[in-house]
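Letters A, B, ... mirror the listed sequences (proteins, then strands); counts begin at 1. These figures come from a predicted structure and were not determined experimentally.
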Amino acid sequence: MLPLVGVLALQGDFLDHEAALRAQGVRTRQVRTATDLRGLDAMVLPGGESTTMLTLLDVESLWAPLGATLRSGMPVFATCAGMILLAERVENPVQRSYGLLPITVVRNGYGRQLHSGTFVLESTALPHGTTGTFIRAPRITATGPGVEVLARRNGDPVLVQKGPILAACFHPELGDNHVVVARFAAMVRAHAGQPCHTGRSAAEASA
Amino acid sequence: MTDKHPTPKVPGFTAEELVSKIGFCNQLKGGVIMDVVNPEQARIAEEAGACAVMALERVPADIRKHGGVARSSDPEMIAGIQKAVSIPVMAKVRIGHFVEAQMLEAMEVDCIDESEVLTPADDQFQIDKRVFKTPFVCGCRDLGEALRRIHEGAAMIRTKGEAGTGNVVEAVRHMRALMSQIRELRGLEDKQLEKRAIELRVPVDLVAWVAESQRLPVPNFSAGGVATPADAALMMQLGAEAVFVGSGIVTSGDPAKRARAIVRAVTHFEDPKVLVEVSKGLGEPMVGIDINTLPAQERLASRGH
């Protein structure tokens with residue numbers, strides 16, 4: 001059975017993530033309720049509007065169950081708004097987050113949509129010339145202990161990893177080059193292949 | 001674009017611009033874009049979960065009442081709304097009024113709506129949207145209007161509906177026309193595609209892309225007449241990827257509550273139980289207008305073609 005990746009589908013570009021993940025040979029499921037979290041091997045927090053997602057996480061009573069899933073040790077991939085939800089500290093404005101990734105992010109830190117675009121990344125972890133599309137992107141202004149910087153843009157960290165959590169300021173799911181999504185899919189396969197893995201999320205285990 | 005189809009070649013666009021402009025619009029999917037006329041309403045919309053706001057001086061229902069020439073909004077009002085919220089801020093320009101668009105781009109508005117809700121400035125040409133870095137959204141009533149706007153550079157299409165009526169019938173008509181005309185392209189031979197491209201007045205490669213992909217090359221949203229959570233879910237089930245709501249929220253009895261309900265309805269558009277729950281006790285909806293009682297000159301959807 002192919003690994004099953006949950007994609008938070010409250011709002012945002014979850015369909016782009018699903019298409020990119022499926023092209024890497026994993027199954028996907030849209031997550032809108034706590035029930036949808038059961039039996040997942042990995043979780044994706046897509047781009048979109050973080051304020052909209054925060055509002056809906058509360059309304060759906062999904063904040064705590066999703067948090068348990070994210071803390072369960074399964075691979076997590078977060079882009080743009082998704083990364084804002086994971087960050088330890090969020091500025092412009094200050095807002096609530098899961099705090100699972102020790103980074104400080106400034107919302108819209110590269111400016112409004114007029115300043116959006118595709119830029120070449122500086123990275124030794126990704127193939128030379130890999131680009132990233134930044135859309136009203138958050139800016140990482142500080143990284144804490146244990147955070148590995150996999151790619152930078154003009155010196156700023158833009159792709160970071162800490163253990164099973166991979167997060168990008170840009171949108172690896174857009175465009176035709178899915179090298180970052182492929183990296184995450186490899187993490188998912190490696191995790192799903194572990195003999196001790198139960199295939200059950202923390203949310204279900206504690207239910 | 002993330003599926004097996006290559007990024008469509010739209011003359012004047014680079015592939016990178018397409019990814020950036022269309023990518024911005026993709027982030028709004030599954031969301032609600034709300035009309036607001038002041039910073040306070042913008043904050044209410046953001047708190048209710050709007051994924052963007054449309055800044056304008058009067059919602060379409062009030063434009064109808066007020067009459068006269070409706071123009072792009074006061075820059076000071078737009079700047080006030082930009083300061084008030086962290087979500088994207090869109091604003092409208094008159095059809096063909098590229099100087100109003102230049103001004104909105106100078107203000108770094110996130111997305112420009114070349115809108116039939118305002119009084120058209122040019123009855124022959126719509127704006128050449130390819131020369132702008134800011135993404136544009138444009139209204140359509142059918143596939144031809146949608147593809148002509150995309151060819152001009154629109155990065156997002158929405159149904160026109162009949163704005164300011166609180167009556168969803170025109171938005172439904174436009175979405176059904178668009179979707180069925182896309183389906184009708186399936187399996188056409190090259191000669192037939194060429195004929196269709198001439199009828200639709202767009203390049204054949206654009207028509208061929210849609211025939212093959214069975215969707216528009218840009219996000220397809222809905223607008224014009226949505227007044228209830230059920231209306232919003234209806235448009236989503238018919239194929240919309242997000243919903244614009246204007247007068248339907250602002251002119252209702254309890255805008256904040258209705259806004260929250262419509263946001264949730266768009267997320268759960270296929271779950272009638274959630275729709276029942278969010279529709280309870282919303283207070284007075286917008287009164288609404290029967291389209292058949294509207295004289296032809298008061299119908300906004302026929303502006304632009």
What part of [X] is in contact with chain A, defined as an atom under 4.5 angstrom from a non-hydrogen atom: side chain, backbone, both or neither?
X	value
B/Pro88	both
B/Glu47	backbone
B/Ala52	neither
B/Ala242	neither

Side chain / backbone / both / neither for [X] at chain B, heavy atoms under 4.5 Å:
X	answer
A/Ala9	backbone
A/Leu114	both
A/Arg32	both
A/Arg112	both
A/Thr33	side chain
A/Thr55	side chain
A/Leu10	both

Quick one: pull up CG in A/Asp16 and CG in B/Asn26 and give me the separation to the nearest 0.5 Å.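 These two atoms lie 4.5 Å from each other.
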Kindly compute the distance separating OG1 (A/Thr52) from CG (B/Leu28), expressed to the nearest 0.5 Å.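 The OG1 atom of A/Thr52 sits 9.0 Å away from the CG atom of B/Leu28.
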Looking at side-chain heavy atoms only, is the closest gap between [X] and [Y] below 4.5 Å?
X	Y	result
B/Glu108	A/His115	yes
B/Gln27	A/Leu174	yes
A/Arg136	B/Asp110	yes
B/Ser20	A/Gln113	yes

Of A/Pro93, A/Gly47, A/Gly111, A/Ser50, the largest count of non-hydrogen pairs under 4.5 angstrom with chain B goes to A/Gly47
Looking at A/Gln30, A/Gln95, A/Gln11, which makes the most heavy-atom pairs under 4.5 Å with chain B?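 Heavy-atom pairs under 4.5 Å are most numerous for A/Gln11.
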Checking A/Arg153 now: which residues fulfil side-chain hydrogen bond (donor to acceptor under 3.5 Å, both in side chains) with it, not counting sequence neighbours? none
Heavy-atom pair count under 4.5 Å with chain A, highest-scoring of B/Arg260, B/Gln82, B/Glu46, B/Glu105: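 When all of B/Arg260, B/Gln82, B/Glu46, B/Glu105 are compared, B/Gln82 has the most.
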Chain A contacts, top residue of B/Cys25, B/Gly23, B/Cys51, B/Gly30 (heavy-atom pairs, under 4.5 Å):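 The answer is B/Cys51.
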Take a 6.0 Å sphere around CE of B/Met77 and say whether it holds more than 12 heavy atoms from other residues, nucleotides or ligands.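 Check passes, neighbour count above 12.
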Check the surroundings of atom CZ in A/Arg89: do more than 12 heavy atoms from other residues, nucleotides or ligands lie under 6.0 Å from it? no
Under 3.5 Å, sequence neighbours excluded: what are the donor-acceptor pairs made by side chains of residues 98-105 of chain A?
from, atom 1, to, atom 2, distance (Å)
A/Tyr98, OH, A/Trp63, O, 2.7

N/O donor-acceptor pairs under 3.5 Å from side chains in residues 159-171 of chain A, not counting sequence neighbours:
from, atom 1, to, atom 2, distance (Å)
A/Gln161, OE1, A/Arg183, NH2, 3.3
A/Gln161, NE2, A/Gly163, O, 3.0
A/His171, ND1, A/Glu173, OE2, 2.7

Closer than 3.5 angstrom, by distance alone: can the side chain of A/Asn108 be matched with the main-chain N or O of B/Ser86 as a donor-acceptor pair? yes
Chain A-proximal positions within residues 230-239 of chain B [heavy-atom distance under 4.5 Å]: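 When heavy atoms of chain A are the reference, residues 230-239 of chain B contributes no residue within the under-4.5 Å range.
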